[in-house]
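Please read the structure below before turning to the comments.
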Amino acid sequence: MSPLLFGMLGCSLVLSVQAMYSSSDDVIELTPSNFNREVIQSDSLWLVEFYAPWCGHCQNLAPEWKKAATALKGIVKVGAVDADQHKSLGGQYGVRGFPTIKVFGANKNKPEEYQGGRSSQAIVDGAMNALRTLVKERLSGKSGGSSYSKQQSSGGSKKDVVELTDDNFDETVLNSDDVWLVEFFAPWCGHCKNLEPEWAAAATAVKEQTKGKVRLGAVDATVHQVVSSRYGIRGFPTIKVFRKGEEPEDYQGGRTRGDIIEKAMDLFSDNAPAPELLEILNEDVLKKTCEDSQLCIIAVLPHILDTGASGRNGYLDVMVKMAEKYKKKLWGWLWTEAGAQLELEASLGIGGFGYPAMAAINARKMKFALLRGSFSETGIHEFLRELSVGRGSTATLGGGVMPKINAVEAWDGKDGQLPVEEEFDLSDIDLDEDFDKDEL
């Protein structure tokens, strides 16, 4: 099809594509550096589009978004985030496909998904409806101006920042398998006070997005001087990155929550293990893997009688290597045996031949793409690389719904065996008995 593919399939690579909005537009360009200041701390109602420059639907939306921004100027703020470039912002707000539009109203920490049409008139109507709701809430006393101060407790709780001391630092940080971002601060330091709400908000978001594999901590360096002097802390705040078994490194990024989250997610991707390769044994395996991932890669391997254990393990080894290579994408990886999930094969148009086969499925869009090249590291890499940059062809999953999955037994890792034929006892039959010709 067109570059529409991964607007649908939700993948992203940073491409050298011109930004879709410029300073001459009334659409405000948002980044991790200004998002907190412009949106979160604002009293205004915001409509924010999360887009990718190569996304076909985003390109179609752009002129309508600009018209709506002009019509709403001075009434409702309209912004746009290049979520392909600024993945931390997209991740922070659960963006899994492009374009995604969020409405930031009274509670900026919990934006609502915009569900309306994509014409400029529909966008303006949706914005005005949201604005009327916001005004009614303020009149009823439910919301008073900016909710930023409230969000420091709800959106970024200090409880998610681990308090580190001389006594617990080694056990908590150095002996941990997790990655740590540690702030060394002084209570009287003005820059530290400015960083505190950003650090707290980032701690909460990072804890959720990495499932606790990247943690944020803080050391009062005026009290806990042993650990602070060990790492040569001379200015405040100083932030260091700790990985198990490695020398700490200085954090060089920005000081907004978006900057901190982006760095944390990069650290998480670098240190995350490759996703597990799962056999499709039941419907839950397929559903959970595909719904929890932007994309799930599914291989249909030849029957065990056609390959034996060594042949099958060879195919699985290729998939494991590809899962490792693309682990930063956080995709799901699945396999099944030919003939075990016939409805799945039919929905993908594989059907009875050409094994091994591979498909990439976006469960959110109910779209898929098929591997056309060889089932090898080179062939699969080329297939996934093409998808990642928005090239290739896609089709709608058969029926527009996930297919029915049969419950099957897990492969035991052994060679297959032909079914044993039933033996018949012929000892009681006289094979020489003459037959009456009249009966024949």
Side-chain angles (χ1 to χ4, degrees), residues 9-11 213 269-363 368-388 392 397 402-419:
L9 288 180
C11 282
K213 295 299 182 182
S269 297
D270 290 341
N271 289 273
E276 186 179 4
L277 175 59
L278 300 173
E279 183 179 2
I280 303 175
L281 301 178
N282 51 55
E283 188 171 348
D284 288 343
V285 173
L286 179 71
K287 184 177 180 180
K288 186 175 190 314
T289 303
C290 291
E291 288 185 354
D292 288 353
S293 308
Q294 285 187 336
L295 198 67
C296 54
I297 313 299
I298 300 177
V300 182
L301 303 182
H303 195 280
I304 190 64
L305 292 174
D306 294 328
T307 63
S310 62
R312 174 167 292 181
N313 283 325
Y315 290 130
L316 294 177
D317 286 343
V318 169
M319 291 193 71
V320 168
K321 290 177 182 177
M322 290 295 99
E324 171 67 31
K325 188 178 187 70
Y326 285 88
K327 68 179 183 179
K328 287 189 177 183
K329 297 293 186 182
L330 304 179
W331 293 340
W333 293 76
L334 300 168
W335 71 277
T336 186
E337 180 179 77
Q341 305 295 347
L342 291 176
E343 290 195 28
L344 174 62
E345 292 187 41
S347 69
L348 297 172
I350 295 172
F353 64 92
Y355 305 114
M358 176 176 282
I361 297 179
N362 181 334
F368 74 94
L370 286 176
L371 170 68
R372 302 295 183 184
S374 64
F375 196 100
S376 63
E377 290 183 47
T378 301
I380 296 172
H381 171 61
E382 181 66 18
F383 169 58
L384 298 178
R385 189 184 67 81
E386 288 289 297
L387 295 183
S388 296
L397 204 62
M402 295 298 281
K404 178 184 176 182
I405 298 298
N406 300 318
V408 297
E409 294 292 326
W411 178 46
D412 59 10
K414 301 177 182 178
D415 288 325
Q417 293 184 345
L418 288 169

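Numbers here simply count residues along the sequence, with the first being 1.
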If I take atom [atom1] from residue [X] and atom [atom2] from residue [Y], how far apart are they, to the nearest 0.5 angstrom?
X	Y	atom1	atom2	result
Glu345	Thr336	CD	OG1	7.5 Å
Trp333	Leu277	CH2	CG	8.5 Å
Ile280	Ile298	CD1	CD1	4.5 Å
Glu386	Leu371	CD	CG	12.0 Å
His381	Met322	NE2	CE	7.5 Å
Lys287	Asn282	NZ	CG	12.0 Å

Could you report the tightest heavy-atom contact between [X] and [Y], atom names first, then the distance?
X	Y	result
Val318	Ser376	CG1-C, 3.9 Å
Lys414	Ala309	C-CB, 3.8 Å
Pro356	Leu301	CB-CD2, 4.0 Å
Thr289	Gly332	CG2-CA, 3.6 Å
Leu281	Ala410	CD2-CA, 3.5 Å
Met358	Ile380	CE-CD1, 3.6 Å

Is the shortest heavy-atom distance from the side chain of [X] to the side chain of [Y] under 4.5 Å?
X	Y	value
Ile297	Leu384	yes
Tyr326	Arg385	yes
Tyr355	Ile350	yes

Ring-plane angle category for Trp335 and Trp411, please: parallel below 30°, perpendicular beyond 60°, tilted otherwise. perpendicular
Pairs flagged by ring pair (Phe, Tyr, Trp, His ring centres under 6.0 Å) wherever residues 277-299 is involved - sequence neighbours left out: none
Ring pair (Phe, Tyr, Trp, His ring centres under 6.0 Å) pairs touching residues 273-315, sequence neighbours excluded, are Tyr315-Phe375
Taking 4.0 angstrom as the limit, do Lys321 and Glu324 come out as a salt bridge? no
Hey, is the main chain of [Y] close enough, under 3.5 Å, to the side chain of [X] for a donor-acceptor pair?
X	Y	result
Arg312	Pro302	yes
Asn313	Leu316	no
Gln341	Asn406	yes
Glu291	Ala363	no

Hits for side-chain contact (heavy atoms from CB on, under 4.5 Å) against Pro403, two or more places apart or cross-chain, chain-then-number order -> Glu343, Leu344, Ser347, Leu397
Over 12 non-hydrogen atoms of neighbours within 6.0 angstrom of NZ in Lys213: no
